[in-house]
J.: 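Got a structure here, written out as structure tokens. Questions coming.
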Number of protein chains: 2
Amino acid sequence: MSNLTVRQKEIFEFIKSKISDKGYPPTRMEISNYFGFKSPNAAEDHLKALKKKGFIEILSGTSRGISLSNVDEGIPIIGLVSAGSPMLAEENVEKRIPPHPISSHGVDYYLRVKGDSMIDIGIFDNDLIAVNKDLNIKKGSIVIARIDDEVTVKTLKEFSANKVILRAENPNYKDIVVNPNNVHFDFEGTCVGLIRNIS
Amino acid sequence: MSNLTVRQKEIFEFIKSKISDKGYPPTRMEISNYFGFKSPNAAEDHLKALKKKGFIEILSGTSRGISLSNVDEGIPIIGLVSAGSPMLAEENVEKRIPPHPISSHGVDYYLRVKGDSMIDIGIFDNDLIAVNKDLNIKKGSIVIARIDDEVTVKTLKEFSANKVILRAENPNYKDIVVNPNNVHFDFEGTCVGLIRNIS
DNA sequence: ACTCATACTGTAATTATATACAGTATACCA
DNA sequence: TGGTATACTGTATATAATTACAGTATGAGT
């Protein structure tokens, strides 16, 4: 999405919004009217730019023949996280799937759960948890944290400038006590939902 | 969906499939070509019939101006089930939400879980379980069963002509042993997934 | 200085599309 | 037995839509 100009992005968003609420893409004329262009060719030029940059496909001779290119479609599933790489780095994306059907917060990605440390609150091995990375971290939240490049899901019990306590929801695990000044520590997000496939 | 003729249903399905895989609705000509009509007016007539029956909306003067009417969109969430009513009766539908993002089987509806009888396998109070109603019931499956108009979710332990054993996944609950000949008993479906919102 | 990308105006032509009108034939309902 | 719905063919036309060509103007990169 990054190598689009501001104007091109506006056009692209307009096309997406038309598709989602009307059910079909706009014509050149409709784009021009919306943006106040006096010539349909202005829209044509923009479409060509979007095509060139790989964001849409244009079917020639077809009315409203604009298809969105399915790059980056869907919410990414993050499996194993490579050391040092940002959560959403492409190398960590297992695949992409549709949005969470009922999450009341935005979902930035799904994280595949490894292990049984959270089974007492119903988070099992191989479940997908829905993560929002911008929500305010607060005591009692289920948080996704990174400690020295290791990513973990735990309940946040305490949270101050020099002491963080993370608790597993499984009596077999001990609390993790961290001083963020001594180790590399980051909150990666908050768990806002869960998805499980039962086959 | 019921008061459509066979032909009309075919047309309607064709329109839906075009929208979902091309991203825009078909023209009269494209419909005619697909069905082998020799006149675009055959398609026009069908569209008018579909409009009259409320399945689509047509925007006049607009190319590909066909919108699906949003009746029955989404997978229903079933909350409390009224005694005697079929699972999917409209009175039982709490709301409708998008499909399960990763379920490998079809999902006919979601059932809102009440109680803690399945917590040992991570199914908690208020979770939504995804139910497929046509899957083969087999030992070990998590099944949705109706016993004398009461709907319950349990693991199927035994299953023969005159004995069914349903087991809760929580040691505080006893097995439910049923003779299908003596009580009103039905399998309503199999649990194929789970969704949870964490707020 | 030159090219290229961006962001448009203005005009115009071909073709894609919607859609009315006139029929034909079958089936069902009252 | 006449009306209405279904399911088409066949023709025709106004208009919706794509899309090429010719410009103008600005800013970035080389």
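In the text below, chain A, chain B and the rest are named by the order of the sequence lines, each starting its count at 1.
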J.: Test Asp127(B) against every option in Arg196(B), Lys114(B), Arg112(B) by the salt bridge (charged side-chain N to carboxylate O under 4.0 Å, His left out) rule and name the one that passes.
T.: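 Exactly one candidate clears the test, Arg196(B).
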J.: dT19(C), OP1 or OP2 - any side-chain N/O from Lys51(B) closer than 4.0 Å?
T.: no
J.: Establish whether the base of dT11(C) is bridged to the side chain of Asn41(A) by a donor-acceptor pair shorter than 3.5 Å.
T.: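 No, no donor-acceptor pair under 3.5 Å.
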J.: Nearest-Å distance, OH (Tyr24(A)) to C1' (dA16(D))?
T.: 13 Å
J.: Ignoring backbone atoms, test whether Lys52(B) places a side-chain nitrogen or oxygen under 4.0 Å from the OP1 or OP2 oxygen of dA5(D).
T.: yes
J.: Among dA7(D), dT19(D), dA17(D), which is the nearest nucleotide to the side chain of Arg64(A)?
T.: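 In terms of side-chain proximity for Arg64(A), the closest of dA7(D), dT19(D), dA17(D) is dA17(D).
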J.: Within less than 4.0 Å of OP1 or OP2 of dA7(D), is there a side-chain N or O belonging to Thr5(B)?
T.: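 Yes.
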J.: Checking contacts here: which listed nucleotide (dT18(D), dT6(D), dT9(C)) is nearest the side-chain heavy atoms of Lys53(B)?
T.: dT6(D)
J.: Of the candidate nucleotides dC8(C), dG10(C), dA5(D), which contains the atom at the shortest distance from the side chain of Ser39(A)?
T.: dG10(C)
J.: OP1, OP2 of dT6(D) versus side-chain N and O of Arg7(B): anything below 4.0 Å?
T.: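 Answer no for this pair, as no side-chain N or O of Arg7(B) is under 4.0 Å from OP1 or OP2.
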J.: For Lys9(A) and dA5(C), give me the distance from atom NZ to atom C1', rounded to whole Å.
T.: 19 Å
J.: Under 6.0 Å between ring centres, would you say that holds for Phe35(A) and His46(A)?
T.: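 They do not qualify: ring centres at least 6.0 Å apart.
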J.: The side chain of Ile58(A) lies closest to which of these nucleotides: dT6(D), dT19(D), dT9(D)?
T.: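 Closest of the options to the side chain of Ile58(A): dT19(D).
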J.: Using the side-chain heavy atoms of Gln8(A), tell me which of these nucleotides is nearest: dT6(C), dT18(D), dC8(C).
T.: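 The closest nucleotide is dT6(C).
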J.: If you compare every side-chain N and O of Ser60(A) against the phosphate oxygens of dT19(D) (OP1, OP2), does one of them come in below 4.0 Å?
T.: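 The answer is yes; a side-chain N or O of Ser60(A) sits under 4.0 Å from OP1 or OP2.
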